[in-house]
Asks: 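Shown below is the structure under consideration.
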Amino acid sequence: CAEILARSNLAGVRHILLVLSGKGGVGKSTIATELALSLRHSGKKVGILDVDLCGPSIPRMFNVQDNDVHQCDSGWVPVFVDQDKSISLMSIGFLLEKPDDAVVWRGPKKNALIKQFVADVAWGDLDFLIVDTPPGTSDEHISTVEALRPYKPLGAILVTTPQAVSVGDVRRELTFCKKTGLRVLGIIENMSGFVCPHCSECTNIFSKGGGEELAKHAGVPFLGSVPLDPQLSQSLEEGRDFIQEFPKSSAFPALAHIAQQILDGTSPQSS
């Protein structure tokens, strides 16, 4: 019965993308959020499934953290983040009684919730479902990939920061994708330099090019570098639409370029 329900709930979803990284703090949730906004601005309907159970930050990034999730006949109704219902979101953040509650669960309980998230959310018709994952290659990743496998996900986007330590951890994520048969759509280098808000000069705080080098070495596409931009951080803190508000930011063309490559990869001509 659960399988039939899941099939009907994901039947209207055309493409499933997973956002992965081998480590925390590289900005997976930021990339997932901005990717959703970029795709929305291209006229697509997008859902975000936030399976980062211990750090569900995406509701805050859309300023919908106080919303409640309701039930309908086919399961949970996701939270819509805009009036025209072009972005919908499901997160454990909506199920916690208090925003400061910690999810102190063992693996089996987390895995059961992930399976429920995949089966019991009534997404309706979506062009893209973006799955924001926790750090690492843990239980939750395996559960997520296995639960989504019957729906043939389009693939994974890997996020790294430029330093060798981060790139090394993301290299392990590539191995995870290989072992689980998950196609890698490409690598994004996030926090690739800092853009000065006064003079717009980009300073490489960490280093540069680690993500591109890894993509070349692994034989997967390099989707682009996204610089650290205080305007982007501020809009995420306040739950505003960066793509709409800061088109002159240097992070804007980088994010738009990444979204366009994903759109190009899913267009009928490319298949």
Side-chain angles (χ1 to χ4, degrees), residues 1-21 28-29 31-33 35-36 39 44-59 62 64 67-81 85 87-96 103 105-158 173 176-177 179-185 262 266:
C1 174
E3 257 185 53
I4 295 164
L5 185 62
R7 200 172 294 127
S8 62
N9 276 340
L10 283 168
V13 177
R14 292 180 62 206
H15 305 294
I16 300 172
L17 303 172
L18 286 89
V19 179
L20 302 176
S21 175
K28 284 183 302 299
S29 298
I31 293 293
T33 298
L35 190 52
L39 292 167
K44 303 299 179 187
K45 279 193 84 166
V46 187
I48 306 179
L49 178 57
D50 181 6
V51 294
D52 189 352
L53 303 185
C54 297
S57 51
I58 290 191
F62 281 105
V64 290
N67 288 40
D68 293 319
V69 170
H70 302 288
Q71 293 271 348
C72 69
D73 290 345
S74 52
W76 283 316
V77 180
V79 168
F80 293 102
V81 305
K85 298 188 174 182
I87 297 182
S88 49
L89 170 59
M90 186 62 197
S91 168
I92 195 173
F94 299 132
L95 307 178
L96 301 175
V103 179
W105 292 356
R106 290 190 185 276
K109 194 172 178 186
K110 288 181 181 176
N111 297 344
L113 181 68
I114 287 168
K115 284 175 187 159
Q116 202 177 348
F117 269 178
V118 169
D120 292 353
V121 179
W123 293 107
D125 290 333
L126 292 179
D127 294 300
F128 290 93
L129 176 62
I130 298 169
V131 183
D132 183 35
T133 64
T137 53
S138 58
D139 260 18
E140 290 103 303
H141 288 80
I142 299 164
S143 294
T144 304
V145 172
E146 283 181 354
L148 289 170
R149 197 184 299 284
Y151 313 105
K152 297 183 172 54
L154 188 65
I157 292 165
L158 272 54
E173 195 77 43
F176 170 82
C177 291
K179 283 188 172 171
T180 54
L182 189 60
R183 177 183 165 213
V184 176
L185 298 174
I262 288 160
T266 56

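This is a predicted model, so every value here is computed, not measured.
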Asks: Flag the pair Met90 / Leu95 as yes when at least one side-chain heavy-atom distance between them is below 4.5 Å, and no otherwise.
Replies: yes

Asks: One pair to check against side-chain contact (heavy atoms from CB on, under 4.5 Å): Asp50 and Ile92. What are the steps and the verdict?
Replies: CA-CA 7 Å; Asp50 181 6; Ile92 195 173; over 6 Å; no

Asks: Please list every donor-acceptor pair under 3.5 Å in which a side-chain atom of residues 121-135 meets a protein atom from a residue at least two apart or in another chain.
Replies:
unit_1: Asp127; atom_1: OD1; unit_2: Arg14; atom_2: NH1; d: 3.3
unit_1: Asp127; atom_1: OD2; unit_2: Lys45; atom_2: N; d: 2.8
unit_1: Asp132; atom_1: OD2; unit_2: Ser29; atom_2: OG; d: 2.7
unit_1: Thr133; atom_1: OG1; unit_2: Val19; atom_2: O; d: 2.7

Asks: If I take atom OG1 from residue Thr180 and atom CD1 from residue Ile142, how far apart are they, to the nearest 0.5 angstrom?
Replies: 8.5 Å

Asks: For the CG atom of Leu185 and the NE2 atom of His15, what is their distance to the nearest 0.5 Å?
Replies: 10.5 Å

Asks: Any chance you could lay out the side-chain contact (heavy atoms from CB on, under 4.5 Å) test for Ser91 and Ile58, step after step, and finish with the verdict?
Replies: CA-CA 8 Å; Ser91 168; Ile58 290 191; 5.9 Å; no

Asks: Give, for atom CG of Leu20 and atom CD of Glu173, the distance between the pair rounded to the nearest 0.5 Å.
Replies: 4.5 Å

Asks: About how many Å separate CG of Leu148 and NZ of Lys115, when rounded to the nearest 0.5 Å?
Replies: 12.0 Å

Asks: Before you tell me yes or no, could you show the steps for Val64 and Phe94 under side-chain contact (heavy atoms from CB on, under 4.5 Å), namely the whole-Å CA-CA distance, both residues' side-chain angles and the distance that decides it to 0.1 Å?
Replies: CA-CA 9 Å; Val64 290; Phe94 299 132; 4.0 Å; yes

Asks: Can you confirm whether Leu89 sits close enough to Asn67 that some side-chain heavy atom of one is under 4.5 Å from a side-chain heavy atom of the other?
Replies: no

Asks: Would you name the heavy atoms of Ile48 and Ala32 that are closest together and state the gap between them?
Replies: CD1-O, 4.3 Å

Asks: Could I get the full list of salt bridge (charged side-chain N to carboxylate O under 4.0 Å, His left out) partners for Lys110, not counting sequence neighbours?
Replies: Glu140

Asks: Kindly give the heavy-atom pair with the smallest separation between Leu182 and Ala156, and that separation in Å.
Replies: CD2-CB, 3.8 Å

Asks: Got a sec, which residues hit ring pair (Phe, Tyr, Trp, His ring centres under 6.0 Å) with Phe117, two or more places apart in sequence or on another chain?
Replies: Trp76

Asks: How close do Pro56 and Pro59 get, heavy atom to heavy atom, and via which atoms?
Replies: O-CD, 3.7 Å

Asks: Residues in side chain to side chain contact (heavy atoms under 4.5 Å, CB included) with Ser143, at least two apart?
Replies: Asn111, Ile114

Asks: Would you confirm whether Arg149, through its side chain, and Gly181, through its main-chain N or O, come within 3.5 Å as a donor-acceptor pair?
Replies: no

Asks: Applying side-chain hydrogen bond (donor to acceptor under 3.5 Å, both in side chains), name anything that partners Thr144, two or more places apart in sequence or on another chain.
Replies: none

